[in-house]
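Comments concern the structure below.
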Amino acid sequence: MNLVLFGPPGAGKGTQSKILTQTRGLPQLSTGDMLRAAIAAGTPLGLASKVLMDKGALVPDETVIGIIAERYDQPDCAKGAVFDGFPRTIAQAEALDKMLAARGRKIDLVLELKVDDAALLARVESRIAAGGPVRADDNPETLKKRLEVYYQSTAPVLAYYRGQGKVKSLDGMAAIDAVTREIGAILDGMKV
Ligand code: AMP
């Protein structure tokens, strides 16, 4: 099964993806994690992406499409994957559909985590107040920019998948385990 976890930055996509990896054996394909790994490794792709990521902008479509295709061809994706933070533009969604079709696969389900912006900002502020380790892009100014980019470039991807009849929406403001249970119930009710 190939799943897309969809929602604004901070909605809990990463948390739920990791749980799905544990409970369903589907690897989490997070373009954000892959890009941060490239930055940590000091690769040219990482260096070029860092500037954009630090200011909350998207990296170019070709960059993420390339790293996703390479990652998807690893043997652990034989039964599918959870896409986390990808696709973020219509061009990426189209490229993903093409890539999967070329492998005789498809996206089976898009889970939308619905949250409100004020709550996302409050979450960032409480992470900072708690003094824990925060990412370079985890601050109120960058989050505002990332939300802007989300509404402008990423939210239209939802309409793309709605057109394919694949979207199920969930309350991302609910407690983590409540969201996990709801996702579990949706997956258990599917034929794939
Ligand atoms: P994330 O960890 O998913 O929140 O991603 C962190 C940052 O990485 C984003 O703000 C973007 O700069 C970049 N990024 C991650 N995934 C993508 C994507 N699919 N398309 C473009 N940029 C991305």
Side-chain angles (χ1 to χ4, degrees), residues 2-18 20 26 28-39 45-46 48-69 71-72 81-100 106-124 127 135-174 179 183 186:
N2 291 288
L3 283 178
V4 174
L5 275 191
F6 201 89
K13 302 186 296 290
T15 302
Q16 295 299 334
S17 300
K18 288 189 175 68
L20 284 169
L26 294 171
Q28 172 196 16
L29 268 50
S30 157
T31 40
D33 285 352
M34 294 175 207
L35 292 167
R36 282 183 289 277
I39 292 172
L45 185 149
S49 304
K50 184 175 171 15
V51 197
L52 295 163
M53 290 169 73
D54 283 353
K55 60 178 187 197
L58 294 181
V59 307
D61 288 335
E62 314 79 70
T63 303
V64 284
I65 291 165
I67 58 176
I68 276 282
R71 178 65 187 89
Y72 192 79
V82 181
F83 294 91
D84 163 15
F86 178 91
R88 263 173 154 100
T89 63
I90 298 275
Q92 291 177 23
E94 289 172 347
L96 178 60
D97 276 351
K98 267 203 203 119
M99 180 199 91
L100 291 172
K106 63 178 171 50
I107 291 296
D108 299 292
L109 175 68
V110 177
L111 291 167
E112 179 201 10
L113 297 177
K114 289 169 87 86
V115 290
D116 67 81
D117 295 5
L120 294 175
L121 280 164
R123 283 183 187 175
V124 173
R127 279 197 295 275
R135 271 165 39 183
D137 59 358
D138 202 20
N139 60 70
E141 294 70 45
T142 313
L143 179 62
K144 278 182 197 146
K145 171 69 183 163
R146 295 170 77 211
L147 284 171
E148 243 174 71
V149 170
Y150 174 78
Y151 289 112
Q152 192 159 32
S153 306
T154 305
V157 175
L158 205 56
Y160 174 87
Y161 285 124
R162 282 219 174 89
Q164 298 185 353
K166 291 180 179 167
V167 179
K168 292 243 190 306
S169 300
L170 299 103
D171 176 14
M173 302 309 300
V179 177
I183 292 177
I186 292 171

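All of these numbers come straight from a predicted model, not from anything done at the bench.
Nearest heavy atoms, P156 versus I90: O-CD1, 3.5 Å. Of all heavy-atom pairs spanning A11 and L120, the tightest one is N-CD2, 4.0 Å. Here the shortest heavy-atom pairing between L113 and G12 reads CD1-C, 3.7 Å. Minimum heavy-atom separation, L52 to V59: CD1-CA, 3.9 Å. Across all non-hydrogen atoms, the minimal contact from F6 to P87 is CE1-O, 4.0 Å. Scanning all heavy atoms of the two residues, the minimum distance from S17 to Q28 falls at CB-CG, 3.6 Å.
No side-chain heavy atom of F83 sits under 4.5 Å from any side-chain heavy atom of T31. When side chains are defined from C-beta on, R162 counts as touching E112, because their heavy atoms get closer than 4.5 Å. Under the 4.5 Å side-chain criterion, counting only non-hydrogen atoms from C-beta, K114 is not in contact with D171. Put simply, the side chain of S169 does not reach to within 4.5 Å of the side chain of L158, judged on heavy atoms. You'll find the side chain of R36 reaches within 4.5 Å of the side chain of M53, heavy atoms only.
A donor-acceptor contact shorter than 3.5 Å links the side chain of K13 to the backbone of G7. A donor-acceptor pair under 3.5 Å is absent between the side-chain atoms of N2 and the main chain of D108, judged by distance alone.
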In a table with atom names and distances, give each donor-acceptor pair under 3.5 Å that connects a side chain of residues 143-151 to protein atoms at least two apart or in another chain.
from, atom 1, to, atom 2, distance (Å)
Y151, OH, D117, OD1, 2.6

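Note that CD1 of I39 is 6.5 Å distant from CG of D54, once rounded to the nearest 0.5 Å. For the atom pair NZ (K55) and OG1 (T142), the distance works out to 11.5 Å, reported to the nearest 0.5 Å. Distance check, rounded to the nearest 0.5 Å: CG of L3 to CD of Q16 gives 11.5 Å. With rounding to the nearest 0.5 Å, the separation of CG in L35 from CD1 in I67 is 4.0 Å. The structure places CG of D97 at 5.5 Å from OH of Y161, a figure rounded to the nearest 0.5 Å. Between the OG atom in S153 and the CD atom in Q92 there is a gap of 9.5 Å [rounded to 0.5 Å].
F86 pairs with exactly one of V157, L29, V4, L96 by the side chain to side chain contact (heavy atoms under 4.5 Å, CB included) rule, that one being L96. Exactly one of L58, T154, I65 qualifies for a side chain to side chain contact (heavy atoms under 4.5 Å, CB included) with T89. That residue is L58.
Pairs engaging residues 83-94 under the salt bridge (charged side-chain N to carboxylate O under 4.0 Å, His left out) rule: none recorded [sequence neighbours left out].
The number of heavy atoms from other shown groups lying within 6.0 Å of NZ (K166) is above 12. Within 6.0 Å of atom CD in Q152, 12 or fewer heavy atoms from other residues, nucleotides or ligands are found, so the atom counts as exposed in its surroundings.
Partners of A38 by side-chain contact (heavy atoms from CB on, under 4.5 Å), not counting sequence neighbours, listed by chain and number: T43, L45.
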